[in-house]
Structures are given as structure tokens and as C-alpha cells.
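Order of the sequence lines sets the chain letters (A, B, ...), proteins ahead of strands, with each chain counted from 1. This one's a predicted model, so the numbers in the text were calculated from it and none came from an experiment.
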There are 2 protein chains.
Amino acid sequence: MAQSDTVDRILDAAEELFAERGFSETSLRMITGKAGVNLAAVNYHFGSKKSLIQAVFARFLTPFCTALEEAFDRLEAESAPEPPCLESVLRVLTSTLVEMPRQHDRSIAIYMRLQGLAYTQSQGHLRRFLESEYSHTFGRFMRLLKNATPELSAVERYWRNQFVLGATAFTLSSSDALTEILWNKLGVDTPIEEIVDQLVPFLASGMQAHTVAYGNTKESDSGV
Amino acid sequence: MAQSDTVDRILDAAEELFAERGFSETSLRMITGKAGVNLAAVNYHFGSKKSLIQAVFARFLTPFCTALEEAFDRLEAESAPEPPCLESVLRVLTSTLVEMPRQHDRSIAIYMRLQGLAYTQSQGHLRRFLESEYSHTFGRFMRLLKNATPELSAVERYWRNQFVLGATAFTLSSSDALTEILWNKLGVDTPIEEIVDQLVPFLASGMQAHTVAYGNTKESDSGV
DNA sequence: TTGTGTTTCAAACGTATGTTTCAAACAATT
DNA sequence: AATTGTTTGAAACATACGTTTGAAACACAA
């Protein structure tokens, strides 16, 4: 039990520090200091700083992907034989995202910010790790989006998906700060559920924006 | 002439390395090595690494904001007495963004990625520097957005603005990587102008998505 | 040419990083 | 109680970083 305690303390501290400072800017001494454990414990339990970073992601991404797959199962069962509509797919994603950290008594902002960092900070090893571990769930989400927007070409859908991910990751990762700014400006408080309620229609409407024609787009094989 | 040459070589190298690796992951030795100048030259000409980072941003952000203000002037003159519509405001922003680096014979992706990093990487000194130098232009952009979406409540507009910034910063900052992924998947290349052409309708449509009614939203004073 | 202010250069400085070491403490089994 | 395998602890390691130094090279006016 002593081991699991040290491991968890390190993961807790690392999670928080990584989220608020980034990976390179967070030293192992900060982490072990905050966790109240010996410096060598990180290399003993995790092997290296890189492995620790991956472990932080695995601890919340694995249960999240499990929950998301289950939610997708329910969604597809409900709407069968039709594929689920765009807005319902987006809502399943965001509400699973919002529910997950609540069960673990943590702020969602931490996970969102970590997710954002995974995209932003170069960290080649992290990108490779995430791709090898969670590409299945991610691929399923992409497939659901595809079936919900059959009118889009593959290229259009790809970029609009990136816009969706960007708006989501950016907003939710800074949601605490943004909520506070709005409070100072207008005296209005926005709980995370309400942010999501604003976000989903925005994204759905953006995804279904009218297509623009381009010179070098082959209209013929838009089905790929 | 020798000075200005060294200064520019450092700025060129720093710009490129910062864009592809981030600030903390780029050492002064990498920069001076790539620039072909002595290590001490950075501290001699710029004083510190922080000042160098700010100088990199100032070199492209100052002319960009000048160009943007002029473009806003033209836009407001054209559409007077009506305020410019949402899509035209967004397009003026993005097209100025696309035109700027072309005049300096540089890849736009570098500046996009730098702009994204400015949001993402914490770097308190950079945020303070950008705010003190360029808040005027940013404020004007926000005011144009407000006048282009009079139907939105202040709270709605605030959050949708964040969605817009998030999708833009996220996508454009990773545009190279995302373009490469799409190339590997579909064999399609997307120049930056085309990404922007996809982005603008997405954002405009999202900003104008139909409003949802909330229980605790006061409908009466939506004009604040 | 001499003198003066500026710019370059190799080398070093002090500090912080990730990692390793090895002895001590601990937990559990025999 | 003795022995084993596991976990902690303080200290040191090697390396990389941003920055400073002081002498040499340079540009250019007097």
C-alpha cells in the first residue's frame, strides 16, 4: 500500500503542475516536492520523466475512453437504424468529458489543459504513445462524425473536425480563467455545463456551414 | 551594417526554431548555431532570452497590426453607415494574416504557430508584453465583432468569441502537422489559404448559431 | 597612424536539470 | 528471529542551460 500511495501522490502532483506550467517547465524536483516524496522515487517507479508524462495521461485517458465507448454504444443503440445526428455525437463527447472528472473529484480544467498540451507541446513520444493507445476510440468518434455529416467531403470534414477539437480544447482548458474574466466584466457566472451548452450548438452549426467551392478540389471523388 | 546583419540572422533563426520547438525547448546555442553567430551575441544585442522572444514577436506583430488597422479602416469606410458584417470582419483578419508573411518571403505557418504558442505556452512576460503593445488593435477587432452580432447577448458573445479564438489559434498553430497528417491519409495537400477559407465560414456559422434559452439567463438586460 | 567606440569570440561561471548510486528502512515469508 | 525482495533517502553525477567576462578584431573619425 505504501507503493501505490507514493505513485498516486506523484501522479497527482505531476498532473496539476504539468497542467498549469507545461512539461518542460515542470521539473521533477517541483513534482516530488509538491508530492512530499523523494526525488529518486520518480525514476524508481516510472523509469523516466517521459514515462511519467505518459502515465499521467494514461490514468485519466483510459477510463475516459472506456466511458466514451459505452456512451457511444448507447447512442448508436438509441438512434438505430439511423446513424446518430451530429449534435448528439458532440453532446455525448462533451458530457462524458464533463462527467468524468467529477467522479474523481477533480477540476475538468486540468484534464482539458493536459489534452491541449498534448496537441501543442511537440513531445514526439507523447503523440506516439497516445496514438498507439487510444486511436481506436478516436477513430470511432471520427467515424460517427463522418456518418453525421455525409454532405461534407473528406477534406472539409477533416479540417472542420480540427476546428471542433481546437475550440473545445482551448475553451475548456482555460474555462476557469475565462469564467473569472467574464465574472469580473459582467458579474455573470457560467458553470461548466452551461459553457458546454453554448459550445455544442456553435460547433454543430460550424460543422454544417455551407460549403465553399475551390478551384483545385476534385468534386468527383468526394466520397473517399 | 555588421550589427543589423547579426541581429537579423539571430531573429530569423530564433523565429524558425521557436515556431517548430517552442520557447523552452529551444536553447540559445541552437539559435546561435543555426544563425552562424557567436553565443554571446544574443545577450549582447538583446540582453536576455526573454527579450529575444519579445523581439521576435514585435518584428512581425507591429507591421501586422498596422496593416490590420488599415484594413479595418477600409472595411468600415466601405460598409458605412452600416457596421461591417461578421464574415467580412473575420475575412479581413485572416486575409491580412495570410498576406503579411508573403511580403517578407516567409512561410505563414511560422507566424501562425508563433501566435498559437503565445496563447498556449504560459510565458507570463510574453503575455504582458503583447497586451501592453497590441491591446488597441485587439480591442478594435472585438468591437467590430460585437457590432456584427447585435443579436447575441453579452454572455453568448463572450463565449463564442472564445470558441473562435480557440479554433483559430489551435488549428493555425498546428497547421503544418495537421496538413501532413491529412496528406498521409488522403494524399491531399491543403495550402494555408485554403485552411483559412474553410475556417472563416465555420466560425461565422458558429457565431450565428441559433440561441438556446437557459433557465438562469435574464432575458431582459441582454443589451449590456 | 592613432585613438575610440562597437562588435565578435572562446572560454568560463553559476545554476538547474534528469538520472544514478548505494546504504538504510521497511514489509512479508519462512 | 532471520532472510528476502521492495521501497525510501541523502548525496552525488554528468550534462545542458542562460549569462558574463575580457581580450581580440573591427570600423571609422581625427
Side-chain angles (χ1 to χ4, degrees), chain A residues 1-59 114 117-118 121-129, chain B residues 1-59 114 117 121-126 128-129:
Chain A
M1 196 99 315
Q3 174 215 340
S4 129
D5 193 52
T6 300
V7 168
D8 282 341
R9 292 167 68 88
I10 292 175
L11 286 173
D12 288 344
E15 185 173 87
E16 212 162 315
L17 287 170
F18 283 154
E20 68 186 32
R21 309 181 38 98
F23 303 119
S24 316
E25 292 83 357
T26 303
S27 71
L28 294 184
R29 284 168 177 83
M30 291 179 197
I31 295 171
T32 53
K34 175 166 189 150
V37 305
N38 189 271
L39 168 63
V42 168
N43 283 280
Y44 175 75
H45 286 289
F46 297 94
S48 68
K49 186 181 181 180
K50 287 184 179 180
S51 303
L52 171 63
I53 295 175
Q54 296 178 7
V56 166
F57 276 84
R59 188 171 66 153
L114 284 176
L117 287 181
Q121 316 239 134
S122 48
Q123 296 284 353
H125 70 97
L126 219 197
R127 193 174 287 232
R128 263 173 273 127
F129 169 76
Chain B
M1 198 101 308
Q3 175 215 340
S4 127
D5 192 52
T6 300
V7 168
D8 281 341
R9 291 167 69 89
I10 292 175
L11 285 173
D12 288 344
E15 185 173 87
E16 212 163 314
L17 287 171
F18 284 153
E20 69 187 32
R21 307 182 40 98
F23 304 119
S24 314
E25 292 82 357
T26 303
S27 71
L28 294 184
R29 284 169 176 82
M30 292 179 195
I31 295 171
T32 53
K34 175 165 190 151
V37 305
N38 188 271
L39 169 62
V42 168
N43 284 281
Y44 175 77
H45 287 289
F46 296 94
S48 69
K49 186 181 181 181
K50 287 184 180 180
S51 302
L52 171 62
I53 295 175
Q54 297 177 7
V56 166
F57 276 83
R59 188 171 65 152
L114 284 176
L117 287 181
Q121 316 240 132
S122 48
Q123 295 284 353
H125 71 97
L126 220 196
R128 261 174 276 127
F129 169 76

Take the protein atom [atom1] of [X] and the nucleotide atom [atom2] of [N], then report the distance between them rounded to whole Å.
X       : N      : atom1 : atom2 : value
A/Phe46 : C/dT20 : CZ    : P     : 16 Å
A/Phe23 : C/dT17 : CZ    : P     : 17 Å
A/Tyr44 : D/dG5  : OH    : C1'   : 9 Å
A/Asn43 : C/dG18 : CG    : P     : 9 Å
B/Ile10 : C/dC9  : CD1   : P     : 11 Å
A/Asp8  : D/dT7  : CG    : P     : 14 Å
A/Lys49 : C/dG18 : NZ    : C1'   : 8 Å
A/Arg29 : D/dC13 : CZ    : C1'   : 11 Å

Do other residues, nucleotides or ligands put more than 12 heavy atoms under 6.0 Å from the NZ atom of A/Lys50?
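12 or below, so no.
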OP1, OP2 of [N] versus side-chain N and O of [X]: anything below 4.0 Å?
X       : N      : result
A/Ser27 : C/dT17 : yes
A/His45 : D/dT6  : no
A/Thr6  : D/dT8  : yes

Within the structure provided, determine whether B/Phe46 and B/Val56 are in side-chain contact (heavy-atom separation under 4.5 Å).
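Not touching, per the 4.5 Å side-chain cut-off.
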Within a strict 4.5 Å, meaning less than it, do heavy atoms of the B/Asn38 and B/Thr6 side chains meet?
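Side chain of B/Asn38 against side chain of B/Thr6, heavy atoms only: no contact under 4.5 Å found.
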side-chain contact (heavy atoms from CB on, under 4.5 Å) assessment of B/Val42 paired with B/Arg29
CA-CA 10 Å; B/Val42 168; B/Arg29 284 169 176 82; over 6 Å; no
Name of the residue among B/Leu39, B/Val37, B/Ile10 meeting side-chain contact (heavy atoms from CB on, under 4.5 Å) with B/Ile31:
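Single side-chain contact (heavy atoms from CB on, under 4.5 Å) partner of B/Ile31 among B/Leu39, B/Val37, B/Ile10: B/Ile10.
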For a salt bridge (charged side-chain N to carboxylate O under 4.0 Å, His left out) with A/Glu15, tell me which candidate from A/Arg21, A/Arg59, A/Lys34 qualifies.
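It is A/Arg59; the other options fail the test.
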Selection: residues 32-42 of chain B, any non-hydrogen atom under 4.0 Å of DNA chain C
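Those residues are B/Asn38, B/Ala40.
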Using 30° and 60° as the class boundaries, would you call the ring planes of A/Phe57 and A/Phe23 parallel, tilted or perpendicular?
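Because their plane-to-plane angle lies in the 30° to 60° range, the rings of A/Phe57 and A/Phe23 count as tilted.
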